[in-house]
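One structure is given here, and the rest of the page talks about it.
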Number of protein chains: 2
Amino acid sequence: MPGETIRNMEDFASVSGISRPTVSKYFNNPDSVRPKTRERIEAALDRYDYRPNIYAVNQNRQQTKNIGIVVPFLSDPFFSEIARTIETLVIEAGFRPILLSSHGTSEQEIDNLETLRSVKPAGVLFAPLGRASDKLAIETFCKNVPTVLFDSNLDGMGEAFIGSDNASFVNQTVEYLCRSGTPPCFFEMRTPANPNANKRRTAYIEAMEREGHDPVVHKVSGQGWGFEEIGRAGAHAAFDAGELTNGTVLCSNDRLAIGFLAAAYERGLRVGRGEECDLRVASHDDHPFSRFTCPSLTTAAHDYSAVAKHSVKSMFELIESGGHLNAREETLYPARLILRDSA
Amino acid sequence: MPGETIRNMEDFASVSGISRPTVSKYFNNPDSVRPKTRERIEAALDRYDYRPNIYAVNQNRQQTKNIGIVVPFLSDPFFSEIARTIETLVIEAGFRPILLSSHGTSEQEIDNLETLRSVKPAGVLFAPLGRASDKLAIETFCKNVPTVLFDSNLDGMGEAFIGSDNASFVNQTVEYLCRSGTPPCFFEMRTPANPNANKRRTAYIEAMEREGHDPVVHKVSGQGWGFEEIGRAGAHAAFDAGELTNGTVLCSNDRLAIGFLAAAYERGLRVGRGEECDLRVASHDDHPFSRFTCPSLTTAAHDYSAVAKHSVKSMFELIESGGHLNAREETLYPARLILRDSA
DNA sequence: GAAAAAACTTTACGCGCGTAAATTTTTGAG
DNA sequence: CTCAAAAATTTACGCGCGTAAAGTTTTTTC
């Protein structure tokens with residue numbers, strides 16, 4: 001039916017019988033035109049599949065509908081899950097999410113921020129790498145682009161921070177483990193990539209002292225984001241040294257625990273809370289795979305959904321308030337203990 | 001030092017002492033201007049951090065530097081890994097990757113293609129959902145945007161297809177399993193989301209007949225992309241029915257196998273090739289997690305890197321040839337058998 | 001060192017749309 | 001039906017840049 005080709009809004013306006021400025025108004029907000037006008041435009045929209053040129057639109061609008069989402073490592077199912085949730089919320093709000101992964105390196109993280117700057121996003125949801133991050137570059141970015149941090153906090157950067165309460169994670173696991181058996185030692189990386197790891201160690205030590213036990217921290221070496229393999233190798237090394245072979249082990253995060261459990265299995269050690277078991281293992285994060293480890297992993301779960309929702313909400317508030325909030329709020333959500341078979 | 005604020009290329013040209021058209025040439029290709037000119041521009045670039053407005057650029061250029069990448073399910077580490085590889089190659093080529101996940105639903109897949117259409121990408125790398133995909137909408141998209149399919153083929157769509165050779169996966173696992181023990185039965189979903197699953201079943205049946213054994217296909221029910229849980233529940237159901245408790249099981253993919261192994265563990269069944277074991281389990285994909293299952297999973301690995309490289313290469317050829325290739329090539333890469341402890 | 005080639009400058013137009021101002025038409029309450 | 005308010009139309013400009021054409025300067029070639 002389209003006799004002519006629609007090249008731009010001018011063409012589309014003429015076939016719909018409405019003037020171009022009104023059509024422009026419609027695309028900015030369909031409710032801003034009279035219902036009858038809206039009908040006529042949508043009827044034309046039905047016959048011709050015209051859509052405004054996004055580049056012309058963004059050039060002239062004061063603000064784009066782009067929302068940047070940056071995560072440190074998208075291949076980690078934890079981040080892909082939270083990114084997915086955030087993406088969905090952003091789309092529902094009528095914005096366009098732009099998802100970028102830093103692939104574990106500071107260079108890519110900075111590249112991502114550069115990329116985002118060039119697309120002039122209305123707002124950015126940013127989970128930094130943590131220790132490896134280029135703080136100066138990030139600070140500059142946050143000053144120029146309305147940014148909300150999530151998952152990993154960087155002191156004072158961004159207009160708000162939303163994450164999980166590491167103390168809540170550790171307090172629950174430590175309390176449970178102490179109550180139900182031998183007190184746990186803490187299993188972590190020597191040089192953790194993420195600031196949450198440090199908070200968890202500190203919380204572990206405090207919780208143990210509160211419970212009246214001596215904290216024992218076991219650090220394993222390893223670089224990069226291959227946490228499972230680091231956990232596996234570290235566990236083997238510990239077992240070889242005659243450590244950790246009985247009692248209770250609390251891993252800093254699930255990915256380390258996955259590696260730890262693999263090592264235990266490889267050595268024929270039985271993990272679980274039964275009489276016949278050699279040791280108990282628990283962890284934090286409720287990683288999507290933690291349900292399928294052998295045995296299934298007792299862990300403390302993030303409130304994914306709450307963190308995602310609050311982050312998105314804060315960001316839109318930030319946008320509406322013109323890019324700056326009165327005070328930088330830090331919101332932490334408590335964890336939920338998930339008892340499975342490993343401890 | 002910047003006394004004035006650089007608002008656009010005009011301003012930047014004047015502070016660099018070069019005319020705007022030449023500066024424009026420079027940004028399109030720094031080598032297209034005289035070395036001395038380039039130096040002067042880059043000196044100015046050093047003092048002022050001007051960057052061309054991406055929207056104005058894309059509005060006026062005949063082609064953007066955007067490359068769409070669509071995967072069916074980014075929370076699946078298999079897809080996040082291949083997406084990461086592709087992303088890197090695209091960036092190296094000087095283009096801007098736009099990564100979109102269909103989150104397992106056809107609606108989102110179509111939305112993603114719509115989104116891509118609006119950003120006028122130079123090319124698209126597209127891994128469709130498969131069975132659930134809206135073939136008609138995809139066909140229309142492929143006609144309008146230079147598209148290369150990967151991972152999952154859709155007959156005749158896109159200008160090329162690059163994937164893995166399912167027969168190669170299954171032939172190697174079946175041959176190995178038959179040679180080293182009891183012939184495997186095949187464990188899969190009743191209604192697999194992905195066309196590769198059908199090819200694997202067919203290849204299994206043919207391979208078994210070639211080896212002189214009766215093929216046995218065990219189908220489990222379940223919907224969606226929670227393959228691990230489907231595998232776990234399906235395995236329990238089979239074990240409850242007294243099936244699969246001894247012998248050899250070949251899973252259609254690693255995620256099903258991960259669930260299967262969890263179920264076996266939960267029932268105290270020993271998996272592996274030792275005398276004391278109850279059954280052997282093997283699978284296909286070399287999922288990032290398959291190294292850490294208990295026991296570690298014997299599987300057939302994709303040539304991730306080859307598929308990614310070839311896909312990107314084909315897409316750039318497609319772009320250079322103006323959007324159409326003479327013939328639609330289908331390239332399949334063979335698998336590599338990875339022997340671990342489960343079989 | 002002169003001529004040819006290459007690179008640059010100047011000038012100008014157009015891309016598709018947001019948006020403002022002035023004017024005309026439509027709507028809805030009384 | 002009247003009239004004010006609301007909505008649409010007409011007209012016009014500008015966003016920042018790609019790009020073409022014509023003229024000027026610089027570099028290369030022999």
Side-chain angles (χ1 to χ4, degrees), chain A residues 4-45 48-66 94-96 117-122, chain B residues 4-45 48-66 94-96 117-122:
Chain A
E4 49 215 304
T5 318
I6 307 295
R7 299 214 152 281
N8 50 38
M9 197 181 280
E10 195 80 50
D11 288 1
F12 178 74
S14 76
V15 301
S16 69
I18 304 289
S19 72
R20 188 176 72 73
T22 303
V23 170
S24 173
K25 263 194 90 185
Y26 166 84
F27 279 110
N28 276 318
N29 177 11
D31 287 326
S32 67
V33 302
R34 203 185 298 155
K36 199 182 284 179
T37 307
R38 180 171 176 169
E39 275 174 30
R40 293 172 66 188
I41 292 176
E42 287 174 350
L45 221 41
Y48 306 84
D49 73 335
Y50 166 77
R51 318 174 56 176
N53 180 307
I54 193 177
Y55 298 112
V57 170
N58 281 335
Q59 179 173 16
N60 293 300
R61 236 209 297 259
Q62 60 293 5
Q63 215 173 212
T64 69
K65 288 279 189 182
N66 296 330
F95 284 70
R96 202 173 85 77
R117 259 199 33 183
S118 75
V119 298
K120 305 184 190 301
Chain B
E4 49 216 305
T5 318
I6 307 295
R7 301 216 153 278
N8 50 38
M9 195 180 280
E10 195 80 48
D11 287 1
F12 178 75
S14 76
V15 300
S16 69
I18 304 289
S19 71
R20 189 177 69 75
T22 302
V23 171
S24 174
K25 263 194 89 184
Y26 166 84
F27 279 111
N28 277 317
N29 177 11
D31 287 326
S32 67
V33 302
R34 204 184 296 154
K36 200 182 285 179
T37 307
R38 179 171 176 170
E39 275 173 32
R40 292 173 66 188
I41 293 175
E42 288 174 349
L45 221 41
Y48 306 85
D49 74 335
Y50 166 76
R51 316 174 59 177
N53 179 307
I54 194 177
Y55 298 112
V57 170
N58 281 336
Q59 178 174 15
N60 293 300
R61 240 211 295 259
Q62 59 294 2
Q63 207 166 224
T64 70
K65 288 280 190 181
N66 297 331
F95 284 70
R96 201 173 84 78
R117 259 200 34 184
S118 75
V119 298
K120 305 185 189 301

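- Looking at B/D11, B/V15, B/I6 one by one, the single match for side-chain contact (heavy atoms from CB on, under 4.5 Å) with B/Y50 turns out to be B/I6.
- At C/dT19, one or more side-chain N or O atoms of A/Q62 fall inside 4.0 Å of OP1 or OP2 (strictly under the cut-off).
- Taking 4.0 angstrom as the limit, B/S24 places none of its side-chain polar atoms (N or O) nearer than this to OP1 or OP2 of D/dC17.
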Subject >> B/T64 vs B/V119, side-chain contact (heavy atoms from CB on, under 4.5 Å): CA-CA, chis, key distance, verdict >> reply: CA-CA 8 Å; B/T64 70; B/V119 298; over 6 Å; no
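- Side-chain contact, B/R20 with B/N8: no donor N or O sits under 3.5 Å from an acceptor N or O.
- Side-chain contact between A/K120 and B/I54 is absent, with no heavy-atom pair separated by less than 4.5 Å.
- For B/S19, the listed nucleotide lying nearest its side chain is C/dT10; candidates were C/dA20, C/dT10, D/dG16.
- To the nearest angstrom, P of C/dG14 lies 16 Å from CZ of A/R7.
- Positionally, the nearest nucleotide of DNA chain C for B/T22 lies more toward the 5' end than for the other of B/T22 and B/N60.
- Atoms OH (B/Y26) and P (D/dT19) sit 17 Å apart, rounded to a whole Å.
- Rounded to a whole Å, the CZ atom of A/R51 is 16 Å from the C1' atom of C/dC17.
- Between B/M9 atom CE and D/dG14 atom P the separation is 20 Å, expressed in whole Å.
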Subject >> Evaluation steps, side-chain contact (heavy atoms from CB on, under 4.5 Å), between A/N58 and B/Q59 >> reply: CA-CA 10 Å; A/N58 281 335; B/Q59 178 174 15; over 6 Å; no
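- For B/R20 against D/dG18, a side-chain N or O and a base N or O form a donor-acceptor pair under 3.5 Å.
- Positionally, the nearest nucleotide of DNA chain C for B/V33 lies more toward the 5' end than for the other of B/V33 and B/A56.
- For the pair A/R61 CZ and C/dG16 P, the computed distance is 17 Å after rounding to whole Å.
- Put simply, NZ on A/K25 is 18 Å from P on C/dC17, counting in whole angstrom units.
- The separation between B/N58 atom CG and D/dG18 atom P is 10 Å, rounded to whole Å.
- Minimum atom distance to the side chain of B/V57 is reached by D/dG18, of the listed D/dT9, C/dT9, D/dG18.
- Regarding contacts with the backbone of D/dA8, a side-chain N or O of A/T37 is found under 4.0 angstrom from either OP1 or OP2.
- The phosphate of D/dA8 has neither OP1 nor OP2 within less than 4.0 Å of any side-chain N or O from A/K36.
- Contacts of B/F12 with the nucleic acid, taken as non-hydrogen atoms under 4.0 Å apart, are absent.
- Residue B/Y55 places none of its side-chain N or O atoms closer than 4.0 Å to OP1 or OP2 of C/dG18.
- Atom pair B/R34:CZ and C/dT9:C1' shows a separation of 11 Å (rounding to whole Å applied).
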